[in-house]
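Below is one structure, written out as structure tokens; comments come after it.
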Amino acid sequence: MKGKLFIFSAPSGSGKTTIVKHLLSTNPGFAFSVSATSRPPRCNEKNGTDYYFLSPDEFKEKIKNDEFLEWEEVYKNVFYGTLKSEVERIRNEGKHVIFDVDVVGGCNIKKHYGNDALAVFVKPPSVEELRKRLEARSTDNKKVIETRIAKAEFELTFEPQFDVVLINENLEEALKKADKIVQQFLGAGH
Ligand code: 5GP
């Protein structure tokens, strides 16, 4: 049987990456769908683990060759996308796929896979809290943070399109809830 798909989407800074990493470390049958991007790596990021880092031209070439399940130009010349080959590789190994993608990408993947996929919307308690988290992470400069806040306000409007909403107010609680959501979907025989 082919693996199921778990889509985690949220404005960046909502804590979805922490939740995804937790699920990966506690569930050996799960594998992370490594996205492709044309943004440069942050200091601790590795090619092939965090992202496949491509130049804008390489990314555009793959779009032309129809290699993406979904892709977006999130900022000018900054592309993000899910490669079809990545998802197929993981599912053919019989593993469940976890996606950490933005809300638009998440909706597109859900549409494609229907009941085989569970789309989870990770929600920060408030926009103010989101700002604090982005500032604390401090991998981005002030202008980038402001752009992300404006984007987050738009992204929060996508909540009704998701199967489940996971509010990340207290991380420990959120991780427990995430475990439960995943086990329920695996047990539901979708
Ligand atoms: P970051 O640059 O902080 O790693 O990610 C920026 C945004 O791009 C995040 O919201 C992240 O979830 C999203 N993203 C990462 N991979 C993909 C992808 O494959 N497709 C789409 N649509 N968005 C992605």
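In listed order, ligands and their atoms are each counted from 1.
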Testing Ile7, Leu118, Leu5, Val97 for side-chain contact (heavy atoms from CB on, under 4.5 Å) with Tyr113, which one passes?
-> Leu5

Non-neighbouring partners of Phe59 that pass ring-ring contact (aromatic ring centres under 6.0 Å, His included), sequence neighbours left out = Phe68, Phe79

With the threshold set at 4.0 Å, does a side-chain nitrogen-carboxylate oxygen contact exist between Glu70 and Lys111?
-> no

Please identify each residue that fulfils side-chain hydrogen bond (donor to acceptor under 3.5 Å, both in side chains) with Glu88, with sequence neighbours left out.
-> Lys2

Flag the pair Lys64 and Glu61 as a salt bridge only when some basic side-chain nitrogen lies within less than 4.0 angstrom of an acidic carboxylate oxygen.
-> yes

Taking side-chain hydrogen bond (donor to acceptor under 3.5 Å, both in side chains) as the test, write out the residues that go with Glu146, two or more places apart.
-> Arg131

Contact residues of ligand 1 (heavy atom under 4.0 Å), by chain and number = Lys16, Ser35, Arg39, Arg42, Tyr51, Glu70, Glu72, Tyr80, Gly81, Thr82, Asp100, Val101, Asp102, Gly105, Arg148

